[in-house]
Q: 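Okay, handing you the structure first.
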Amino acid sequence: MSAGQIRFMIEKTRESYPVEACGALFGELSGSEARIRKIVAFRNTLESTVRFQIDPEDFLKTLFEAEIEGLQHLGFFHSHSAGTRPSATDIKYMKLWPETIWLIISSINYEVAAYRMINGDLHEVRIDVEAG
Ligand SMILES: [Zn+2]
């Protein structure tokens, strides 16, 4: 992903603080590599500081647009007002969306980490940041 995409997510995290920011990641998959091409931020319909929820209609609309653009849904991002480890709730939802990338940003220090659930096990995903 690009430095600009990280900046975008940090900006959204700042804007919605203390409510968790959230959004979806779209792009291309090649082998074990995911290339993020587009990030869409959504309103956290729960207005919660510890959980997030995306309006399903907003999400479907975005999913449809991305498909037209030839992009596939790769995952989600959301912010935590603590560290970047997934919460118990996150883990529960990650199990419902296996293989999906979950990117978490800390609203304390803007650290970013990404995870995937593979066969019921939590794996950290390496993030390569390109300039731009
Ligand atoms: Zn979370």
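This chain uses plain numbering: 1 for the first residue, then up along the sequence. Order of appearance sets the numbers: ligands from 1, and atoms from 1 within every ligand.
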Q: Test question: given the 4.5 Å side-chain rule for I, L, V, M, F, W and Y, name all other residues clustered with Phe52, or answer none.
A: Phe26, Val40, Phe42, Ile54, Phe59, Leu60, Leu63, Leu71, Phe76, Ile91, Tyr93, Met94, Leu96, Trp97, Trp102, Ile104, Tyr115, Met117, Leu122
Q: For the backbone of Ser2 and the side chain of Gln5, can you confirm whether one donor and one acceptor N or O come within less than 3.5 Å of each other?
A: yes
Q: Which of the protein's N, O or S atoms come within less than 2.8 Å of the Zn ion (ligand 1), not counting waters?
A: His78 NE2, His80 NE2, Asp90 OD1, Asp90 OD2
Q: So does Arg126 pair up with Asp128, basic N to acidic O under 4.0 Å?
A: yes
Q: Where is the tightest heavy-atom contact between Ser107 and Thr13, given as atom of each residue plus distance?
A: CB-CG2, 3.5 Å
Q: Between the side chains of Arg51 and Glu20, is the shortest nitrogen-to-carboxylate-oxygen separation below 4.0 Å, so that they form an ion pair?
A: no
Q: Show the nearest heavy-atom pair for residues Ser79 and Ala21, with the distance to one decimal.
A: OG-N, 2.8 Å
